[in-house]
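Below: one structure, written as structure tokens.
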There are 2 protein chains.
Amino acid sequence: MSIQAPRRRRSTAPGDETRERILDAAEHLFAERGYSNVSTRDIAEAARSNAAAAHYHFGSKEAVLEAVFERRLAGMNAERERLLAACLAEADGRPSVEAILEAFIGPTLRLGATEEGRRFNLLAGRSSTDPNPEVRRIVFQVYDSVGRRFVDAAAAACPDLSREELFWRIACVYGAMMYIRADNGRLQHLFGPGFSLSDGEGALKFAMPFLTAGLAAPPVEGTE
Amino acid sequence: MSIQAPRRRRSTAPGDETRERILDAAEHLFAERGYSNVSTRDIAEAARSNAAAAHYHFGSKEAVLEAVFERRLAGMNAERERLLAACLAEADGRPSVEAILEAFIGPTLRLGATEEGRRFNLLAGRSSTDPNPEVRRIVFQVYDSVGRRFVDAAAAACPDLSREELFWRIACVYGAMMYIRADNGRLQHLFGPGFSLSDGEGALKFAMPFLTAGLAAPPVEGTE
DNA sequence: ACTTGCTTCAAGCAGATGCTTGAGTTTAAA
DNA sequence: TTTAAACTCAAGCATCTGCTTGAAGCAAGT
């Protein structure tokens with residue numbers, strides 16, 4: 001018997017502020033420590049609130065994570081889908097690899113320009129390989145639609161690739177993108193200070209061309 | 001006051017078998033659920049042993065994970081370092097991009113040929129973005145030496161790249177490799193059954209050329 | 001036989017976990 | 001000013017957590 005979604009009814013319900021503070025605190029902590037290493041008490045404390053408040057507003061810890069994702073992604077995923085659709089329409093069904101990569105990856109890498117954007121990227125990157133079933137469920141759900149459109153657009157941009165080769169190339173693109181967002185600090189450790197995966201500009205300038213080159217390379221099959 | 005390293009003294013101590021069973025069970029469970037979502041009791045049960053046995057043999061849960069990594073990596077990392085050194089020596093200081101990628105990534109992707117290798121790859125991939133400080137500490141430590149040699153070899157293979165551009169390209173290589181190993185099932189979800197990141201052969205055939213093309217592409221800086 | 005040291009185990013400790021409860025406070029509409 | 005809903009909170013429940021304890025089992029060395 002949990003409360004599902006009370007949401008606002010008055011113009012500015014007092015609870016909205018608490019709700020937002022809980023989301024902020026949860027996003028911060030989940031990004032920093034990972035879903036499984038954060039308790040609802042940690043969130044309550046960071047939000048200067050009570051452990052029961054999160055359950056009142058969201059129903060469960062899992063639902064808090066879901067709300068964190070939805071708050072940041074609802075708008076951005078819609079934009080990405082729009083950009084991808086535009087690529088396909090404009091280019092008469094054969095978009096350029098650059099254009100679709102820019103449409104899919106650009107918006108997320110540009111999040112790195114703000115502090116809270118970097119924090120969400122960290123959360124998203126780390127969640128992408130989180131084995132916790134609750135996290136997986138949310139990640140699958142929240143990226144499903146835009147993911148499908150990206151695969152379709154990539155297939156249209158690379159008509160010479162077999163389905164299998166497309167699968168592997170997209171895996172590389174996804175992997176690079178997620179690793180950059182997750183920024184675990186290991187590469188800084190190897191390269192020394194002055195290099196950071198959280199630098200959105202660097203990612204756009206240097207990682208995008210790498211991925212474009214890889215995705216646009218001639219197919220392996222049939223070239224030998 | 002924990003026992004550090006009792007190890008064998010008799011030719012075949014009875015405890016060695018328990019020790020191995022604990023490592024097997026821990027590897028299995030850590031890979032499947034992630035370090036934070038596995039308790040020492042879970043491990044003991046899966047190893048048909050007692051919760052205290054793991055602490056007796058290893059000292060802590062963290063040390064169990066460390067032992068799991070070391071068991072699989074001691075040999076393989078030495079081989080990778082040897083292969084990388086050979087690349088540099090043979091080619092007179094200017095190895096090919098293919099050769100160093102094969103030396104660094106090949107051995108890990110070929111692990112995908114066996115069931116237990118796939119399991120370890122899953123663990124390694126997932127651990128690479130695990131925010132838990134204990135996991136991070138171990139991952140950093142266990143890949144530090146081979147990671148440095150790979151960076152050096154890549155720098156030698158790509159002398160035209162600035163340090164910054166090399167940083168970003170290696171990030172993409174790392175990311176792709178880790179994502180493939182971590183195999184969270186999301187791409188299968190998008191592509192349908194019949195495609196799996198755990199297929200080591202596919203990875204070698206299709207992902208390697210992608211990464212080679214990206215790493216060997218002309219530099220961004222100074223080309224415009 | 002018997003000491004010795006390695007190994008296993010059931011039981012337990014102190015603290016943390018997700019979530020619930022029931023009593024209270026605040027708010028805006030009636 | 002009353003009323004009812006929205007909201008907050010301290011306390012508590014049942015369970016799980018990593019780790020420890022002390023007693024027992026075991027195989028070799030004497």
Side-chain angles (χ1 to χ4, degrees), chain A residues 1-26 29-30 33-68 132-135 137-138, chain B residues 1-26 29-30 33-68 132-135 137-138:
Chain A
M1 267 110 282
S2 65
I3 289 110
Q4 302 91 329
R7 300 300 161 89
R8 66 229 58 159
R9 187 150 318 190
R10 286 171 284 201
S11 56
T12 310
D16 277 15
E17 201 203 310
T18 306
R19 212 187 120 95
E20 285 302 306
R21 264 189 292 126
I22 289 170
L23 285 180
D24 290 341
L29 288 168
F30 286 153
R33 303 191 211 156
Y35 180 77
S36 302
N37 302 309
V38 174
S39 73
T40 54
R41 282 172 177 81
D42 293 336
I43 296 171
E45 191 183 357
R48 283 161 292 123
S49 160
N50 185 282
H55 288 100
Y56 171 76
H57 283 286
F58 301 98
S60 68
K61 181 185 170 186
E62 182 178 352
V64 173
L65 180 65
E66 200 167 351
V68 167
N132 186 306
E134 301 170 22
V135 179
R137 208 215 84 226
I138 292 168
Chain B
M1 272 115 275
S2 64
I3 288 109
Q4 302 94 325
R7 301 299 160 91
R8 67 228 58 158
R9 186 149 318 189
R10 285 171 284 201
S11 58
T12 311
D16 277 15
E17 200 203 310
T18 306
R19 211 186 122 95
E20 284 303 305
R21 263 188 294 128
I22 290 171
L23 285 180
D24 289 341
L29 289 168
F30 285 152
R33 302 191 211 155
Y35 180 78
S36 303
N37 302 310
V38 174
S39 72
T40 54
R41 282 171 176 80
D42 293 335
I43 296 171
E45 190 183 357
R48 283 162 292 122
S49 159
N50 185 282
H55 288 99
Y56 171 76
H57 282 285
F58 301 97
S60 69
K61 182 185 169 185
E62 182 178 351
V64 173
L65 180 65
E66 200 167 350
V68 167
N132 186 304
E134 301 170 22
V135 179
R137 210 215 82 226
I138 292 168

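Every value quoted in this text rests on a predicted model; they were computed, and no experiment measured them. Order of the sequence lines sets the chain letters (A, B, ...), proteins ahead of strands, with each chain counted from 1.
Distance OH (A/Tyr35) to C1' (C/dG18): 9 Å, rounded to an integer number of Å. Counting to the nearest Å, the P atom of D/dC26 and the CD atom of B/Glu17 are 15 Å from each other. Distance, A/His55 NE2 to C/dT17 P: 12 Å, rounded to whole Å. When the P atom of D/dC16 is taken as reference, atom NZ of B/Lys61 falls 15 Å away, rounded to whole Å. Summarising the geometry, the separation between CD1 on A/Ile43 and P on C/dG18 is reported as 8 Å, rounded to the nearest angstrom. Between the CD atom of B/Glu45 and the P atom of C/dA10 there is a distance of 12 Å, rounded to whole Å. Across the protein-nucleic acid pair, B/Ile22 atom CD1 and C/dC9 atom P stand 9 Å apart, rounded to whole Å. Whole-Å rounding puts the B/Glu134 CD to D/dT17 P distance at 15 Å.
The side chain of A/Ala52 has D/dC9 as its nearest neighbour among D/dC9, C/dT8, D/dT21. For A/Asp42, whose side chain is taken as the heavy atoms from C-beta onward, the closest listed nucleotide among D/dC19, C/dG18, C/dT17 is C/dT17. For B/Thr18, the listed nucleotide lying nearest its side chain is C/dT8; candidates were D/dC19, C/dT8, D/dC9. Comparing D/dC7, C/dA10, C/dT8 against the side chain of A/Tyr56 picks out D/dC7 as the nearest. Taking only side-chain atoms of B/Asn50, from C-beta outward, the nucleotide of D/dC7, D/dC19, C/dA10 with the closest atom is C/dA10.
B/Arg41 contributes a side-chain N or O that forms a donor-acceptor pair with the base of C/dG12 under 3.5 Å.
Note on A/Ser39: a side-chain N or O is less than 4.0 Å away from OP1 or OP2 of C/dT17. Taking only side-chain nitrogens and oxygens, B/Thr40 comes nearer than 4.0 Å to OP1 or OP2 of D/dG18. OP1 or OP2 of C/dT8 lies within a sub-4.0 Å distance of a side-chain N or O belonging to B/His57.
Position along DNA chain C of the nearest nucleotide to B/Ala51 versus B/Arg21 favours B/Arg21 as the more 5'-ward residue.
In this structure, B/Asn37 contributes its side chain and B/Arg33 its backbone to a donor-acceptor pair below 3.5 Å.
Using a 4.0 Å cut-off between charged nitrogen and carboxylate oxygen, B/Arg21 and B/Glu17 count as a salt-bridge pair.
Using a 4.5 Å heavy-atom threshold, the side chains of A/Glu134 and A/Leu65 count as separate. At a threshold of 4.5 Å between non-hydrogen side-chain atoms, the residues B/Leu23 and B/Phe58 count as touching.
Residue contacts shown for B/Val38 are limited to sugar-phosphate atoms, with no base heavy atom under 4.0 Å away. Among the atoms of the strands shown, none is found under 4.0 Å from any heavy atom of A/Ala53.
The shortest non-hydrogen separation linking B/Lys61 to B/Val38 is NZ-O, 2.7 Å.
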